[in-house]
There are 2 protein chains.
Amino acid sequence: MSSIPLGDCGVSRGFCDGPGFGAGASVTLVLDGERGELVRAPARVGKKGKVGVLDASVAMALKTHSEAERRRRQRINGHLATLRSMIPGTEKLDKAALLAEVINHLKGLKSNAMEISKGCTIPSDVDEVRVEVEDVMNSGSFIIKASLCCEDRPDILADIRQALQTLQLKTIRVDISTLGGRVKNVIVMKCEGNANDIEKHLYTSSVHRALESILDRFNSSVDFLPRTSFSNKRQ
Amino acid sequence: MSSIPLGDCGVSRGFCDGPGFGAGASVTLVLDGERGELVRAPARVGKKGKVGVLDASVAMALKTHSEAERRRRQRINGHLATLRSMIPGTEKLDKAALLAEVINHLKGLKSNAMEISKGCTIPSDVDEVRVEVEDVMNSGSFIIKASLCCEDRPDILADIRQALQTLQLKTIRVDISTLGGRVKNVIVMKCEGNANDIEKHLYTSSVHRALESILDRFNSSVDFLPRTSFSNKRQ
DNA sequence: GTCCACACGTGATAC
DNA sequence: TGTATCACGTGTGGA
């Protein structure tokens, strides 16, 4: 009784005239347990040995039971319909495929959020250079995602640009986040054309070296650089 | 045949000896359609008027049918179990509540992604200054979230810092995203202490003016500034 | 003893 | 044709 059935779900048949009831109740053949063989059902008798003395209360119990079960089905199918409306391209999928697609979208959104949080937050006060080949297109192009985390300074972006412009990489996107005097730069670059693994490794290590040189340069000059020129110093 | 049934799902009973079969097949009473009354089922006869001439092929059809149906249920329930394992706190929920929770998580992740993309992506080639009081703490402090979107240039961050350092605002966080020669700067500032609405509006408009002045300065000087010094120009 | 959720087999239906 | 999915009513076990 907690959730809402979301309408009739298109079930417009009358009560108990649907398929699956009458035949299931009148056929006196059952499939034997371990064998799967069709055998005669044992003549089921009532509790007192009489068939047909089911009274009105039992009938009412059956009725309410089947109605409750129908409501439960409506509830589940309503939620399924909601999910189907939320995920594009699932209009013609059956229940299992819809649920599989829901799982995929959930994984995708979760990894997406993970990726964004990984790319946007600043790790805990530790200098870091990370370079990874993020995605390999089937066209031979590949994407390099590099990040540099260090103490903040105003010309770090210019340094990064200068260090990377010698490479034949097209900068797709740059994200810079600062927090408490630290900065994390995420640079997404793309190399178009067919490159083999050796070339990819060459690019990757070149990017890594370029960013590490920035880090080294900064760390060697941090002692005598004026640190008071930033407005967002750590406190 | 595309997805995997994910094992037995704990169903260890033999075939057709489970609940819900025997009694349903031997009781010869059905509930009448529109009324919900319990009536005698019409004596179902075979196709040729004889009961009990169901041959082995029909039995096999029934067997394969129920087995296929069981496989279908296992597939669906397997996906449901996967969803349950993906979302914490759904271990003791029933199917409908689980699906409702899946819907909630999907909505949450989607709005989260929307929020992040709102703060990180660059709008479509239109200069923009937005300032909003993001969150008002119950301590009287408030947070100003300002964003400036314009053509990219190397010293824009320094300009923003200079323009905002005259205000008594502590910079909590700065996010900068560039894409195709455009840049979006998101600055989150905090003003501690008790401020009334007039002061908040004063701060807000000051930030707005500061950022717009940067935009104006850039737009008036864009004609004679060298634009070729960026590595990530739009192409 | 009542209520609820689940798994079951079955008929209808689509392809 | 067989082989899928789906909704149905029902039996049953757990709160």
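Proteins come first, then strands; the chains are lettered A, B, ... in the order of their sequence lines, and each starts at number 1.
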Self-check item: Spacing of B:Gln74 atom CD relative to C:dA7 atom C1', expressed in whole Å
Solution: 11 Å
Practice problem: Round to a whole Å and report the spacing from CG of A:Leu62 to P of D:dC8. | Solution: 16 Å
Quiz item: Are OP1 or OP2 of C:dG9 and a side-chain N or O of B:Lys63 less than 4.0 angstrom apart?
Solution: no
Practice problem: Record whether the side chain of A:Glu69 comes under 3.5 Å of the base of C:dC4 through a donor-acceptor pair of N or O atoms. | Solution: no
Quiz item: Just by distance, do the side chain of A:Asn77 and the backbone of A:Leu80 share a donor-acceptor pair under 3.5 Å?
Solution: no
Quiz item: Rounded to whole angstroms, how far apart are CZ on A:Arg72 and P on D:dT12?
Solution: 17 Å
Quiz item: Do A:Glu212 and A:Arg209 pass the salt bridge (Lys or Arg N to Asp or Glu O under 4.0 Å) test, and can you show the C-alpha distance, the side-chain angles, and the key distance before you say yes or no?
Solution: CA-CA 5 Å; A:Glu212 278 199 331; A:Arg209 259 181 288 123; over 6 Å; no
Practice problem: Check the distance between D:dA4's P and B:Arg71's CZ and give it to me in whole angstrom. | Solution: 7 Å
Practice problem: May I have the distance from A:His65 (atom NE2) to D:dA7 (atom C1'), rounded to whole angstrom? | Solution: 15 Å
Exercise. Go through C:dT10, D:dT12, C:dC8 for me and flag the one nearest to the B:Arg70 side chain.
Key: C:dC8
Quiz item: What is the distance, rounded to the nearest whole Å, between atom CG of A:Leu98 and atom P of D:dC6?
Solution: 9 Å
Quiz prompt | Polar contact flag, side-chain donor to acceptor under 3.5 angstrom, B:Ser177-A:Asp175 | solution = yes
Self-check item: Nearest-neighbour nucleotide for the B:Asp94 side chain, C:dT10, D:dA7, C:dA5 considered
Solution: C:dA5
Practice problem: Starting at atom NZ of A:Lys92, determine the distance to atom C1' of C:dA14, rounded to an integer number of angstrom. | Solution: 11 Å
Exercise. Tell me whether the OP1 or OP2 atom of D:dC6 has a side-chain N or O from A:Asn77 closer than 4.0 Å.
Key: no
Exercise. Let me see the working for B:Ile76 and A:Leu99 under side chain to side chain contact (heavy atoms under 4.5 Å, CB included), right down to the final yes or no.
Key: CA-CA 7 Å; B:Ile76 293 175; A:Leu99 289 177; 3.8 Å; yes
Quiz item: Atom CZ of A:Arg73 to atom C1' of C:dC6: distance rounded to whole Å?
Solution: 12 Å
